Amino acid sequence: MEEKTNLPLSFKTEKTDILASLMANGLTGSLGLAAKTLGQITPLRQIIVKSYDRKIHQQYQQMMMENPDYAEVISRRRDLALSILYTVNRALDRNLIGSATLNGVLGVISREILFRQDSQAIKEFETQFHHLPPSILALAPGKTCNLSCKGCYADSRESSEKLPWSTLRRIIREAKELWGVHFFVITGGEPLLYQDQGKNLLNLAEENPDCFFLCYTNGTLINGRVAQEMGNLGNITPGISIEGMKETTDRRRGKGVFDRVVTAMEHLRENKVPFGISMTATTNNYQELLAEETLDFYFEKMGALYGWLFQYMPIGRSISLDLMPTPEQRLKMFDRMFEVVKNRQYFLADFWNSGLLADGCIAAGGRGGYLYIDWNGNVTPCAFVPYSPVNINKVYAEGQNLNDVWNDPFFASIRQWQQNYNPGIGAPQPHPNGNLLRPCLYRDHYEEFLQIQNQYQPQPIDYHVQEALKDSKYRRGMNQYDQRLADLSDPLWKEKFSQQSTKDKKHLD
């Protein structure tokens, strides 16, 4: 069972809440006020930005002094915090954020997310469970999609599978009341196709003005009207899926999709809706995604404000181990991503390569992280770990709630694995060998995941997962990947990122 220990306050608020960990030093309340009131008063705003630049450097320098064994990790966190600061500054310079969104983004983030530890819901949860609640909830309300992308992790297609509107509303309400969650990730399927009882995703955002919604979308349904509605709402940002430039995107997503995405981005920019890009990295396109041409096009020409990288996972439609970026390619992406974050100050994050920014895996509601609920009500640790021990429809039918979901033994076991693998920088007893360059239980430690899966028997959520679980070739391939990644990254972690590095340097001195 999960060890229930109270973490030090500084560890809880700065290290385990993923959004606060990434954003607290870049978007604080006073900067938000400055952005809203100064907007286009460029000279004064630049003075404020420089002041925050100094504060961020000072704060992270202090953290390095307190945790010298992990100075390199902390420096990467500093660079990401700075990228957020300068992303906001660029957006204001280029007039990319409307007044409604400024109120939505800065109001919700500063009031409900960055300082969420003051929430009564969180205090009550900690009192009951001696643990932080999730800070994010990911929802896939419907499976239907108007595209049929090769290797789709969700195997999305035309489908009647969806969460009832009443269930979706209850999930949002309970997440706020029980966990203090005000940040929701909406995925699918194509989220903009969700409709039930005449309600859709934009109705959900309208009904919850105290929340902010990151919507992963293929972008093809964002026309002028939809973009205008998003701009008026001010609490939704689309993360638009791309595979690189035109040829690569159309090859996977379908002919003409790239041009439709570009048109969608133009509509969003015209309506001052902040948007980003969502990139699936494979062994074929991993270099193109972070190439100068690609970054210049999306961040400079089109006005994207952030980028999320998702390395292909062998789940969903047409599972292929060959599409996963190799361990060698993964480490090249790691170096390139952090180079871009530092030198170009773009906000970029990678579900796997950013593990050292969040003290490792945040699935299963661990480290103040998140859970995922799909269109059939299946609750899984992560969108990329397709095994479910509970179904939200059954949970509600039995008179239970989201706390009962979080407390499921399968999820608790994953949280315990996270804690054992690497308690995190700032924890009372940091683990010297918990390599955060390979943080994922499913992808990077598949054999250990199988042990937990065998113990608790969560259900595979679809046929493809069920077949992969029985496939000896799949298991062998995953284990070979893990061993090669360990061989490459363990020495790097010890030499550059962990306390072992500092000890070796002191010994040499």
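Because the structure is a prediction, the values reported are computed rather than measured.
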So Glu190 and Asn218, side chain to side chain donor-acceptor pair (under 3.5 Å) or not? Walk me through it. CA-CA 7 Å; Glu190 169 49 52; Asn218 62 42; 3.2 Å; yes
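- Annotation: side chain of Trp179 is not in contact with side chain of Ser135 (no heavy-atom distance under 4.5 Å).
- Taking a cutoff of 4.0 Å between a charged side-chain nitrogen and a carboxylate oxygen, Arg253 and Glu243 qualify as a salt bridge.
- With contacts defined as side-chain heavy-atom distances shorter than 4.5 Å, the pair Leu436/Val73 does not qualify.
- In this structure, CD on Glu66 lies 13.0 Å from CG on Asp69, to the nearest 0.5 angstrom.
- Two rings, from Tyr346 and Tyr298, have their centers 6.0 Å or more apart.
- Relative orientation of the Tyr306 and Trp308 rings is perpendicular, given thresholds of 30° and 60° on the angle between their planes.
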What do the steps show when you test Tyr370 against Ile362 for side chain to side chain contact (heavy atoms under 4.5 Å, CB included), and what is the final call? CA-CA 6 Å; Tyr370 86 115; Ile362 61 169; 4.1 Å; yes
What do the steps show when you test Gln62 against Gln58 for side chain to side chain donor-acceptor pair (under 3.5 Å), and what is the final call? CA-CA 6 Å; Gln62 180 64 34; Gln58 291 168 358; over 6 Å; no
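- The structure places CD of Glu174 at 4.5 Å from CG of Leu402, a figure rounded to the nearest 0.5 Å.
- Interatomic distance, Thr326 OG1 to Arg484 CZ, rounded to the nearest 0.5 Å: 8.5 Å.
- If you take CH2 on Trp352 and CG on Leu437, they are separated by 15.0 Å, rounding to the nearest 0.5 Å.
- Here Arg336 pairs with Glu292 in a salt bridge; the nearest charged N to carboxylate O distance falls below 4.0 Å.
- Taking the side chain as every heavy atom from C-beta outward, Val88 and Leu92 approach each other to under 4.5 Å.
- With Thr294 contributing its side chain and Glu288 its backbone, the two residues share a donor-acceptor pair below 3.5 Å.
- Without hydrogens or angle criteria, His182 side chain to Asp210 main chain gives a donor-acceptor distance under 3.5 Å.
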Passes side chain to side chain contact (heavy atoms under 4.5 Å, CB included), Arg76 versus Leu80? Steps please. CA-CA 6 Å; Arg76 305 295 176 105; Leu80 195 67; over 6 Å; no
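- Thr237 contributes a side-chain N or O that, together with a main-chain N or O of Pro274, makes up a donor-acceptor pair within less than 3.5 Å.
- Leu137 approaches Val181 most closely through the heavy-atom pair N-CG1, 4.1 Å.
- Side-chain contact between Tyr86 and Val49 is present, with heavy atoms from C-beta onward closer than 4.5 Å.
- Closest non-hydrogen pair, Gly360 versus Pro439, comes out as CA-CB, 3.9 Å.
- Note on Lys332 versus Glu328: no salt bridge recorded, every NZ/NE/NH1/NH2 to OD/OE distance being 4.0 Å or above.
- Met279 pairs in a side-chain contact (heavy atoms from CB on, under 4.5 Å) with only one of the listed residues (Leu348, Ile240, Asp350), which is Leu348.
- Atom CG of residue Asn343 and atom CG of residue Asp79 lie 8.5 Å apart, to the nearest 0.5 angstrom.
- With hydrogens and angles ignored, the 3.5 Å screen pairs no side-chain donor or acceptor of Ser51 with any backbone N or O of Ile47.
- At a threshold of 4.0 Å, the pair Glu126-Lys123 does not count as salt-bridged, since none of the basic side-chain nitrogens sits closer than that to a carboxylate oxygen.
- Across all their heavy atoms, Ala358 and Arg77 have their closest contact at N-NH2, 4.3 Å.
- Aromatic ring centres of Phe497 and Phe338 lie farther apart than the 6.0 Å criterion allows.
- Looking only at side-chain heavy atoms (C-beta outward), Val273 and Ile222 stay at 4.5 Å or farther from each other.
- Of the charged side-chain nitrogens involved, none lies within less than 4.0 Å of a carboxylate oxygen, so that Arg438 and Asp482 do not count as a salt-bridged pair.
- The closest side-chain heavy-atom distance from Leu202 to Ile236 is below 4.5 Å.
- Neither side chain, Asn271 nor Glu229, offers a donor N or O lying under 3.5 Å from an acceptor on the other.
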Side chain to side chain donor-acceptor pair (under 3.5 Å) evaluation trace for Gln418 with Asp359: CA-CA 9 Å; Gln418 295 165 348; Asp359 284 331; over 6 Å; no
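- Side-chain contact check for Lys272 versus Thr101: every heavy-atom pair is 4.5 Å or farther apart.
- Asn435 and Ser489 share a donor-acceptor pair across their side chains, judged by distance under 3.5 Å alone.
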Please test Arg330 against Asp444 for side chain to side chain contact (heavy atoms under 4.5 Å, CB included), starting from the C-alpha separation and ending with a verdict. CA-CA 12 Å; Arg330 175 168 165 174; Asp444 304 337; 2.7 Å; yes
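- Taking the ring axis of Phe297 as reference, the NZ or CZ atom of Lys301 does not stay both within 45° of it and closer than 6.0 Å to the ring centre.
- By the 4.5 Å heavy-atom criterion applied to side chains, Asn208 and Phe213 are counted as neighbours.
- Atoms CZ and CG, on Arg90 and Leu96 in that order, are 10.0 Å from each other to the nearest 0.5 Å.
- Note: Phe310 and Tyr216 have perpendicular aromatic rings, judged against thresholds of 30 and 60 degrees for the angle between ring planes.
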Any chance you could lay out the side chain to side chain contact (heavy atoms under 4.5 Å, CB included) test for Tyr194 and Leu168, step after step, and finish with the verdict? CA-CA 11 Å; Tyr194 173 82; Leu168 186 58; 3.9 Å; yes
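- Here Arg260 does not pair with Asp250 in a salt bridge; the nearest charged N to carboxylate O distance is not below 4.0 Å.
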